[in-house]
J.: 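What follows is a single structure, and I will ask about it in a moment.
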Amino acid sequence: MKRKVSTVLDEALFRRVKIESARQGRQISELVSEALEAYLREPPRREAPRSIARSSFGAMKAPKSLVRSILEDEDGPFDT
């Protein structure tokens, strides 16, 4: 069973769909249905934004003693 729906599309997107339907010799509704089926089969993965610290964790393998030494030698924000 098919059901008629109404929606609003961006003009440029509608133009692209109309051109593609003419190129393929298919109805716009067929292309939209196919696109929705593909989307619902595998929705896009939306990853949460990662912080720089989290994404770089473990990037450099260094012993604690080396890290401590670097931090002790580095001037801090309150050192002048």
Side-chain angles (χ1 to χ4, degrees):
M1 180 173 135
K2 293 186 178 188
R3 183 161 191 170
K4 187 174 182 171
V5 297
S6 178
T7 188
V8 178
L9 297 176
D10 177 75
E11 184 66 34
L13 176 60
F14 179 73
R15 207 173 311 123
R16 288 172 54 200
V17 171
K18 194 172 180 179
I19 291 168
E20 187 60 26
S21 73
R23 190 183 74 72
Q24 291 186 25
R26 296 170 63 196
Q27 296 291 318
I28 290 174
S29 61
E30 291 178 76
L31 297 181
V32 172
S33 292
E34 190 176 290
L36 285 171
E37 285 289 341
Y39 174 82
L40 293 172
R41 209 173 313 131
E42 289 187 43
R45 295 186 181 129
R46 300 189 199 288
E47 292 184 19
R50 294 177 53 157
S51 71
I52 293 173
R54 185 176 301 242
S55 64
S56 63
F57 180 78
M60 291 178 42
K61 304 293 183 204
K64 273 187 183 178
S65 58
L66 175 60
V67 174
R68 183 173 286 119
S69 172
I70 292 170
L71 291 174
E72 286 172 353
D73 291 345
E74 191 71 27
D75 288 338
F78 301 111
D79 296 334
T80 54

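Remember, it's a predicted structure, so these values are computed and weren't measured experimentally.
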J.: Side chains of Ser29 and Val32: closer than 4.5 Å at any heavy-atom pair?
T.: no
J.: Enumerate donor-acceptor pairs with a distance under 3.5 Å from any side-chain N or O in residues 3-13 to protein atoms, sequence neighbours excluded.
T.:
residue, atom, partner, partner atom, Å
Asp10, OD2, Ala12, N, 3.1
Asp10, OD2, Leu13, N, 3.4

J.: Measuring from Leu36:CG to Glu34:CD, what's the distance to the nearest 0.5 Å?
T.: 10.5 Å
J.: Less than 3.5 Å apart, which donor and acceptor atoms pair up between the side chains of residues 16-24 and the rest of the protein, not counting sequence neighbours?
T.:
residue, atom, partner, partner atom, Å
Glu20, OE1, Arg23, NE, 3.1
Glu20, OE2, Arg23, NE, 3.2
Glu20, OE2, Arg23, NH2, 2.5
Glu20, OE2, Gln24, NE2, 2.6
Ser21, OG, Lys18, O, 2.9
Gln24, OE1, Arg26, NH1, 2.7

J.: Treating Glu30 as the side-chain partner and Gln27 as the backbone partner, does any N or O pair qualify as donor plus acceptor under 3.5 Å?
T.: yes
